[in-house]
Amino acid sequence: MDQQQLRDLEAKCVQELSPQCKAGCPLHVDARSLCASLATGDFDAAWQVLLKTLPLPGVLARICDGPCRQQCLRGKAGDPVQIHLLERSVVQRPRPRQRSLAMPARDKAVAVAGSGLSGLVLASDLKRKGYTVTLFEPGPRLGHPLYGRFGELLPDAAIDEEMSALEDAGVVVHTGAEVSDGAFMDGALASFDALYLCLDAGLEVAWPLRMEQGAPVYDEMLGTTSLSRVLAGGDSASPVERAAQGRRAANTIDRLLQGVSLSAERSDQGAYRSRLYTSLAKVPSLPAVVPADPIEGFSPQQAAYEAERCLQCECLECVKACAYLAHYKGYPKTYARQIYNNLAIVKGHRQANQLINSCMLCGQCSALCPHDFPMAELCLETRQSMVAEGIMPPSAFDFALEDLRFSSSSEFFLFRHAPGRDASTYLLFPGCQLCASSPGHVEVLYQWLRENVSQATGLGLGCCGVPAHWAGERGCFERELDRVRQEWERLGKPTIITACATCLSTFQEYAPDVAVAGLWNIMTGYLSPGDASPRGAKKPVAVHDPCAARHNPVLRHSARRLLSHTGVKVRELELAHEQTSCCGYGGLMYSSNPALAKKVAEKRVSESKADFVAYCAMCRDNLAATGKRVYHLLDLLFPEAAKSHLPPGNSKSNNSAQEDPAARPAPGFSQRQENKADLRRRLLKTLWQEEPPPMQAHQHLDLVMEPGLQELLEERRILLNDLRRVILHAERTGQKLADAKTGRFLAYHQPVRVTYWVEYAPEGESFRVYNAYSHRMTIPGGPA
Amino acid sequence: MSLLSFTPDTDWTCGKCGGKLTPSPVDVEYLGNVFNVELLGCAKCGLVLIPEDLALGKMFEVEQLLEDK
């Protein structure tokens with residue numbers, strides 16, 4: 001990513017853009033901050049907001065005509081916030097002490113003809129910038145055109161105060177000045193570096209400027225006239241626009257006298273429409289607060305009520321929905337910058353690694369973003385760069401990649417024609433996670449497909465390789481996908497039917513040559529209403545769409561159709577279909593940031609009190625792991641298969657799972673691997689009448705432990721097979737520590753990258769495990 | 001660099017030769033970085049002891065630090 005790509009990316013995120021009120025104000029007063037201060041009754045802070053941008057606040061705040069109101073989004077849910085009245089309520093209170101930070105004096109001088117609003121603002125702005133400013137007012141006093149013009153709204157005392165402030169600041173004032181003839185202009189241009197003609201001072205001038213209909217022609221945005229050092233402005237009907245014309249002309253004069261471009265980078269000057277998006281979806285309508293007295297304006301309490309109606313416009317559509325984006329306390333624009341900086345670091349601490357590696361890559365943010373900010377693509381491409389540069393932290397995805405290696409190993413990988421067949425029209429590819437979560441469903445499903453769709457339906461057990469893709473391991477991903485492709489070709493290129501939305505989208509996107517169909521789409525063609533009867537799902541269920549179905553409306557629709565066939569009542573979550581939330585598995589978040597993945601799942605299940613139904617095995621288990629009641633769609637379509645999900649020997653759980661599959665606990669990582677391996681062995685035996693290959697030596701070790709320890713091992717990402725390998729190694733080599741008092745052993749072993757330590761003792765034919773932990777540092781010379 | 005020492009009192013002995021564990025300097029390595037630390041180990045058989053609090057504490061911290069380097 002280069003600087004330009006970063007800027008293009010940043011520009012897609014609108015969170016930092018001005019709210020409509022500020023953009024719509026010709027002076028860009030920060031009305032959002034003003035309202036935030038007033039809502040808490042902090043008038044001093046509100047004053048400071050005005051002082052930052054509003055010139056002559058004692059005058060302008062009283063007479064501002066509030067063009068911002070037309071832009072205020074509150075107007076679409078009630079009445080616009082009366083920002084102009086709020087400003088007035090502020091300046092009616094004492095002005096806080098202000099530290100004036102005048103710029104160093106410059107040796108350039110500016111003359112101003114007339115002291116209407118635009119001329120006064122221009123004089124004030126240029127004085128602040130350090131110029132010598134001399135104001136020529138034909139009338140008897142400074143600000144003459146303002147006195148009496150706005151009636152009770154603008155008392156003389158308020159004008160007096162601002163005029164005194166101007167003079168105190170050092171603006172030189174000549175009243176009773178003759179400015180109308182060309183001689184004045186010539187004299188001024190001889191003595192001053194620039195001259196401003198204040199058109200709102202009621203002057204009639206006979207200057208040699210290009211005129212139209214009796215008025216000088218000038219550029220609305222820049223204030224330039226037909227003479228290079230003469231500027232003009234201030235003939236708008238709107239007081240705040242007149243003030244803004246003076247401010248813009250002051251900017252032009254500043255640029256003119258510094259010898260820089262008069263027009264560069266000024267597109268946001270003047271009122272404009274902001275690209276900031278703010279949702280009004282949950283905003284109740286509220287009417288305007290009516291001031292007690294039209295001249296006095298709001299009481300402090302009324303001002304607070306009115307200011308509270310401000311929506312405090314911001315976007316954050318993605319952050320509101322995504323626990324991951326919220327977790328890092330920023331938004332995509334700030335994240336893009338952090339990721340860019342992270343990549344740019346040559347030596348030092350890469351602080352954004354976790355940010356990059358925790359994204360679920362689910363694309364919800366892009367679906368919600370008004371400008372499709374591609375957070376997933378950004379994180380994925382960055383991961384790929386990190387892998388290519390050799391700076392990917394190994395601990396982020398190792399665990400998930402080990403699981404992928406298991407799925408690709410002879411423990412699980414299996415591609416066959418149906419028993420007794422030598423050709424396949426279809427190939428059931430359940431996806432590794434359905435096999436890990438509910439192997440019983442895979443068996444039932446395979447039978448159902450052969451009986452109802454085609455006897456020539458082969459079976460493919462394996463992984464589409466997406467974990468490698470998510471980990472940024474391009475080479476590994478291609479190899480895994482290619483391996484499946486080769487098996488598919490070997491079986492005669494049957495149409496793959498997959499129960500996993502992620503496998504489906506992975507094949508569609510990265511192996512478009514492979515014919516693939518979603519299981520739910522196939523099933524809708526064969527099942528009719530009443531063909532399946534749900535057990536235990538008498539109450540309505542909320543549908544959770546997997547993130548991989550975000551761009552697959554047909555699949556989402558098919559899943560709902562099948563649900564309706566079961567007779568169960570379906571509720572839609574607010575974030576459903578293309579806006580669905582990830583369960584916390586996507587992007588391998590469960591591997592790189594387990595604590596956050598848990599939060600993501602918890603946030604999702606809190607969105608409805610109803611039981612959930614998922615049609616992705618991983619979603620089902622991740623959501624169920626929070627304690628939420630979650631069905632898999634297959635639980636409702638094939639309720640009789642639920643009993644075979646659980647490890648054997650736990651008949652009580654088996655019965656309850658059969659009765660209530662939504663309460664089925666999510667199998668742990670060890671159980672998931674064992675489920676996959678057992679499924680392969682069982683299918684070989686029952687369908688193909690083959691004796692499965694003998695188990696590896698360590699797999700014969702029987703382990704016993706307290707349930708609490710099993711949970712701890714899951715948290716520590718230590719599998720039972722890891723323990724078995726350590727114990728087998730220790731028992732074979734004698735390399736172990738011993739404690740004579742307790743009779744326990746402590747052994748360590750590093751099968752691949754991680755070193756595992758196990759504290760254990762023999763117990764009959766089994767081994768009792770007391771503790772286990774791991775580290776990644778290696779001990780060269782230690783037992784390998 | 002001074003030698004970091006992790007030699008707590010322990011009841012573990014070498015399961016192979018039955019010998020007492022004694023402090024000895026050991027090189028540990030991660031991502032190409034080698035650290036010399038003092039660990040308890042069996043001088044005869046070469047087995048070392050990395051206690052749980054060291055593996056999940058200081059060692060983990062250093063691993064994370066090196067991964068983000």
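Proteins come first, then strands; the chains are lettered A, B, ... in the order of their sequence lines, and each starts at number 1.
The salt bridge (charged side-chain N to carboxylate O under 4.0 Å, His left out) pairs that include a residue from residues 389-399 of chain A are A:Asp398-A:Arg753, A:Asp398-A:Arg776, where partners are two or more places apart or lie in different chains.
With respect to chain A, the highest number of heavy-atom pairs below 4.5 Å among B:Cys14, B:Gly15, B:Cys42, B:Gly41 belongs to B:Gly15. Your options are B:Leu21, B:Asp27, B:Leu65, B:Val62, and the one with the most heavy-atom pairs under 4.5 Å with chain A is B:Asp27. Contact count versus chain B (heavy atoms, under 4.5 Å) is highest, among A:Lys736, A:Lys741, A:Gln354, for A:Lys736. The choice from B:Leu49, B:Leu54, B:Leu39, B:Ile50 that makes the most heavy-atom pairs within less than 4.5 Å of chain A is B:Ile50. Contact count versus chain A (heavy atoms, under 4.5 Å) is highest, among B:Ala55, B:Gly18, B:Cys17, B:Cys45, for B:Ala55.
Between A:Arg350 and B:Asp68, none of the side-chain N atoms (NZ, or NE/NH1/NH2) sits under 4.0 Å from a carboxylate O, so this pair counts as no salt bridge.
Side-chain N/O atoms of A:Asn771 and B:Glu52 include a donor and acceptor closer than 3.5 Å. No side-chain N or O of A:Ser395 forms a donor-acceptor pair with one of B:Glu63 less than 3.5 Å apart.
By the 4.5 Å heavy-atom criterion applied to side chains, A:Leu737 and B:Leu47 are counted as neighbours.
Neither the backbone nor the side chain of A:Ile345 comes within contact range of chain B, judged by heavy atoms closer than 4.5 Å. For A:Glu759, the part lying near chain B is the side chain, with the backbone staying farther off; criterion is any non-hydrogen pair under 4.5 Å. Only the backbone of A:Thr733 comes within less than 4.5 Å of a heavy atom of chain B; no side-chain atom from C-beta onward does.
At least one donor-acceptor pair under 3.5 Å links the side chain of A:Tyr748 to the backbone N or O of B:Val48.
With sequence neighbours excluded, the residues satisfying side chain to side chain contact (heavy atoms under 4.5 Å, CB included) with B:Asp53 are B:Pro51.
Within residues 705-716 of chain A, the residues having any heavy atom less than 4.5 Å from a heavy atom of chain B are, in residue-number order, A:Arg716. Below 4.5 Å, heavy atoms of chain B meet no heavy atom from residues 322-342 of chain A.
Shown here is A:Tyr770, whose OH atom has more than 12 heavy atoms of other residues, nucleotides or ligands within 6.0 Å. Atom CD of A:Gln351 has 12 or fewer heavy atoms from other residues, nucleotides or ligands within 6.0 Å.
Within the model, atoms OG1 of B:Thr13 and CG of A:Leu746 stand 11.0 Å from one another, a figure rounded to the nearest 0.5 Å. Annotation: the span from A:Met777 atom CE to B:Phe60 atom CZ amounts to 11.5 Å, rounded to 0.5 Å. One finds the CH2 atom of B:Trp12 at 5.0 Å from the CG atom of A:Asp739 (value rounded to the nearest 0.5 Å). Distance check, rounded to the nearest 0.5 Å: CD1 of A:Ile391 to CG of B:Leu31 gives 12.0 Å. Taken from CD in B:Glu67 to CG in A:Asn357, the straight-line distance is 9.5 Å, to the nearest 0.5 Å.
A:Ser774 and B:Leu56 get closest at one heavy-atom pair: O-CD2, 3.8 Å.
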* Asked: Hey, mind stepping through B:Lys16 and A:Gln735 against side chain to side chain contact (heavy atoms under 4.5 Å, CB included) and telling me if it holds?
  -> CA-CA 6 Å; B:Lys16 203 158 185 178; A:Gln735 289 184 326; 3.9 Å; yes
